[in-house]
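What follows is a short report on a single structure.
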Amino acid sequence: MEFEPLDQYLQRRKKLTEIEALGYPAHPHKFDWTHTPRQISERFGASTSEELSSQNVEVQVAGRIVALRPHGKAGFAHLAGDGAKIQIYVRLDVVGDQAFKLFQLLDLGDIAGVRGHLFRTKTNELTVKVERLQLLTKALLPLPEKWHGLADTEMRYRRRYLDLIGNEKTREIFLRRAQVVRELRRFFDERGYVEVETPMMHPILGGATARPFTTHHNTLDMDLYLRIAPELYLKRLVVGGLERVYEINRNFRNEGIDAIHQPEFTMLEFYQAYSDGPALMDLTEELLRGLAEKICGGANVSFGEREIDFSRFERLSMREAIRKFWPAAAGVAPSKEELIAKNGPRKIVERYNTFARPKGLDTIDEDENASAGELIGELFEAIAEQHLVQPTFIHDFPVEISPLAKRREDDPSLAERFELFVAGMEIANGFSELNDPDDQERRFREQVEKGGQEMPKEVDVDYIRALSHGLPPTAGEGIGIDRLVMLFTDSHAIREVILFPLLRHAAEADAAAAGQDTPVKPSDDRSDNRSQ
RNA sequence: AGGGGCGUAGCUCAGUGGUAGAGCAGCGGCCUUUUAAGCCGAAGGUCGUGGGUUCGAUCCCCACCGCCCCUACCA
């Protein structure tokens with residue numbers, strides 16, 4: 001296979017042949033390094049020239065050549081590895097003819113290993129004076145531009161490896177992401193939760209409301225859904241006596257792609273028996289405050305123009321939030337009584353739409369079949385959601401939009417449920433789990449009757465059976481890991497925190513390289529499954 | 001899906017109704033403490049794709065493809 005830029009590709013292949021002709025293996029198996037570039041700068045970064053020469057430090061270090069400055073019979077290069085760089089200095093009179101010829105055949109991007117002693121140059125840069133040079137891997141393709149890195153966003157996502165080599169910020173984001181996940185695991189492990197893995201392929205849709213991806217198992221001749229949420233399996237485990245469980249894994253939802261949505265995204269879900277929704281709000285505060293401190297060094301985290309303060313979490317009921325953020329221009333905010341009244345929400349929606357329509361703002365769908373609770377949910381989203389920049393729990397969700405949550409003891413129209421919003425994004429969703437099998441069955445049946453692509457086609461009978469065996473009072477919560485990482489890395493697009501975000505069909509050049517004709521583009525008969 | 005923006009050398013970007021330019025990378029040469037190394041020389045392009053307008057299009061118009069932003073669905 002050959003790749004563009006072809007002239008450079010062929011040139012590098014030629015050099016590799018010449019390197020082999022010099023007696024060096026093209027693909028050596030192993031390199032015994034004593035230090036990574038980072039370790040050298042960490043351990044000897046403070047050593048003076050005199051200290052280095054008196055200590056006579058010998059190192060073996062490997063890395064990718066990211067800078068190359070030949071000077072006739074000598075030359076400098078930088079090896080990058082472990083997130084740091086170390087300069088190497090190669091002299092003909094030190095390494096000898098053969099190794100110097102090798103040096104001259106090296107290119108930017110090659111992986112090399114050297115042995116030598118540390119010293120400081122005239123400009124005081126810590127440098128390895130090379131005594132032995134080896135090619136470890138030839139790069140047959142050139143690196144992106146050396147000081148702008150790779151800027152084209154599409155290329156950055158499609159060829160993330162180049163983005164990671166060229167853009168330090170990208171590397172930083174994904175190291176931080178790993179740190180977030182590590183801290184989450186530590187948090188839950190310390191508190192006696194058991195990490196589990198539940199199925200990614202579900203025979204029945206459940207645990208959330210979303211359009212699924214479908215697939216098929218051939219041997220079992222069985223249609224399956226990629227899971228939209230692990231919830232119903234995790235609660236089965238609580239029935240089974242795993243009283244504290246968590247899972248960090250992917251969910252798949254066949255819906256829109258934008259700055260905060262990707263079809264596969266990572267979710268933490270956790271459940272604990274003998275607890276309830278309000279208790280989880282406290283736990284969530286503790287979790288996020290601790291994460292902010294560990295990941296960002298303090299409770300205040302910059303996000304774009306703003307500072308987000310993870311030391312204070314506001315709590316508002318959904319109805320309070322609607323009142324609080326009701327636009328002044330839309331007249332008097334709805335009263336508590338109006339929000340509770342049977343036809344109140346519908347009238348409020350009409351009032352809001354009368355205000356919003358002429359202004360070109362989003363209006364709320366005045367669906368005749370929509371329940372009061374559904375309208376409250378929509379009012380909240382239209383009016384309040386985008387204002388929730390500082391960490392804010394919204395609690396007391398209408399039960400109609402919370403099919404898996406337990407009702408409040410003092411008000412059966414409300415679910416004991418909350419969502420956490422930060423920077424206008426929904427970050428977490430938790431509640432007291434509905435453990436009454438009769439109520440759950442009723443709500444499942446309503447979903448099936450309601451129909452639609454995001455609703456289950458059948459009642460999950462086994463889940464009702466599990467509840468019938470007895471789910472202890474339990475609280476559960478889901479936290480969107482990608483969005484959390486966005487907050488802690490000041491990233492404003494979910495694609496920035498997902499290594500390989502889903503993009504449209506790959507470029508034609510790839511298909512050409514693979515020896516195909518232009519990529520297969522479904523022609524006319526695709527309208528049904530492609531249109532949204 | 002609707003509205004807006006972008007697509008020029010391998011990369012980062014200029015530019016123009018008269019068939020294109022810089023820096024980096026690559027190639028040849030000089031150079032034994034450079035670091036955006038330097039100096040000299042040569043090369044590199046169906047200007048996203050396909051139509052249209054025009055004597056002539058990379059530029060103007062239309063369609064399509066891809067990416068980005070906003071809106072809608074959604075977490």
Side-chain angles (χ1 to χ4, degrees), chain A residues 3-12 14-15 49 66-78 85 87-95 100 103 107-109 119-125 127 129 139 141-159 162 166 208-211 228-229 251-267 360-363 365 381 385 419-421 425-429 452-454 478-484 486 492-495 501 503-509 518-519 521 527 530-532:
Chain A
F3 292 96
E4 292 293 333
L6 194 59
D7 57 334
Q8 299 193 36
Y9 178 79
L10 295 175
Q11 183 64 39
R12 285 168 180 244
K14 190 175 146 222
K15 286 185 184 176
S49 186
V66 293
L68 199 52
R69 293 179 294 279
H71 289 263
K73 296 187 177 62
F76 291 92
H78 273 105
K85 289 174 200 162
Q87 179 167 264
I88 63 169
Y89 180 45
V90 182
R91 289 172 63 113
L92 171 61
D93 58 8
V94 176
V95 297
F100 201 76
F103 178 69
D107 284 300
L108 283 175
F119 76 109
R120 285 191 181 275
T121 62
K122 273 186 194 168
T123 52
N124 207 34
E125 178 163 349
T127 302
K129 184 177 266 183
L141 287 168
L143 251 24
E145 213 264 3
K146 71 179 170 190
W147 64 78
H148 294 100
L150 192 62
D152 182 79
T153 47
E154 180 181 359
M155 200 87 92
R156 287 184 45 235
Y157 301 144
R158 289 196 195 277
R159 307 194 189 158
L162 293 181
T209 330
R211 290 173 60 184
I228 56 171
N251 289 342
F252 305 86
R253 300 191 185 174
N254 203 341
E255 291 176 351
I257 296 179
D258 64 25
I260 55 169
H261 295 92
Q262 269 281 309
E264 48 179 303
F265 62 101
T266 303
M267 185 94 140
L361 298 171
D362 309 333
T363 54
D365 186 14
E381 281 172 27
E385 197 170 4
E419 284 186 352
L420 173 66
F421 291 86
M425 294 189 286
E426 184 191 330
I427 299 294
N429 174 18
Q453 287 180 295
E454 67 287 347
I479 297 180
I481 301 301
D482 311 282
R483 291 181 180 177
L484 201 59
M486 286 170 69
H492 297 260
I494 197 167
R495 293 177 304 271
L503 301 176
R504 231 170 270 263
H505 211 293
E508 291 179 19
T518 16
K521 295 238 170 76
S527 49
R530 286 289 287 277
S531 63
Q532 299 204 353

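Throughout, protein chains are lettered first and strands after them, A, B, ... in sequence-line order, and every chain is numbered starting at 1.
- When the ring-ring contact (aromatic ring centres under 6.0 Å, His included) test is applied to A:His148, no partner is found at least two apart in sequence or on another chain.
- The side chain to side chain contact (heavy atoms under 4.5 Å, CB included) check on A:Gln11 picks up A:Lys14, A:Lys15, with sequence neighbours excluded.
- Judged by distance alone with a 3.5 Å cut-off, a donor-acceptor contact links the side chain of A:Asp258 to the base of B:C73.
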Which pairs, protein N/O on one side and nucleotides 7-15 of chain B N/O on the other, fall under 3.5 Å?
from	atom 1	to	atom 2	distance (Å)
B:C11	O2'	A:Glu145	N	3.0
B:U12	OP1	A:Ala151	N	3.1
B:U12	OP1	A:Asp152	N	2.9
B:U12	O2'	A:His148	ND1	3.4

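- Partners of A:Glu381 according to the side-chain hydrogen bond (donor to acceptor under 3.5 Å, both in side chains) rule, which considers only residues two or more places apart in sequence or in another chain, do not exist here.
- Within the 4.0 Å cut-off from OP1 or OP2 of B:U34, not a single side-chain nitrogen or oxygen of A:Arg69 is found.
- In terms of the ring-ring contact (aromatic ring centres under 6.0 Å, His included) criterion, A:Phe265 has no residue partners (sequence neighbours excluded).
- Of the two residues near RNA chain B, A:Gly75 and A:Phe265, the one whose nearest nucleotide lies more 5' is A:Gly75.
- Looking at residues two or more places apart in sequence or on another chain, you find a salt bridge (charged side-chain N to carboxylate O under 4.0 Å, His left out) between A:Glu419 and A:Arg417.
- Partners of A:Asp152 under the side-chain hydrogen bond (donor to acceptor under 3.5 Å, both in side chains) rule, at least two apart in sequence or in another chain, do not exist in this structure.
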- What dot-bracket string describes RNA chain B from 5' to 3', counting Watson-Crick and G-U wobble pairs whose defining distances are under 3.5 Å, with [ ] for crossing pairs and | for pairs to another strand? (((((((..((((....[..))))..((((.......))))......(((((..]....))))))))))))....
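- Among residues two or more places apart in sequence or in another chain, the side-chain hydrogen bond (donor to acceptor under 3.5 Å, both in side chains) test is passed with A:Gln87 by A:Arg69, A:Thr127.
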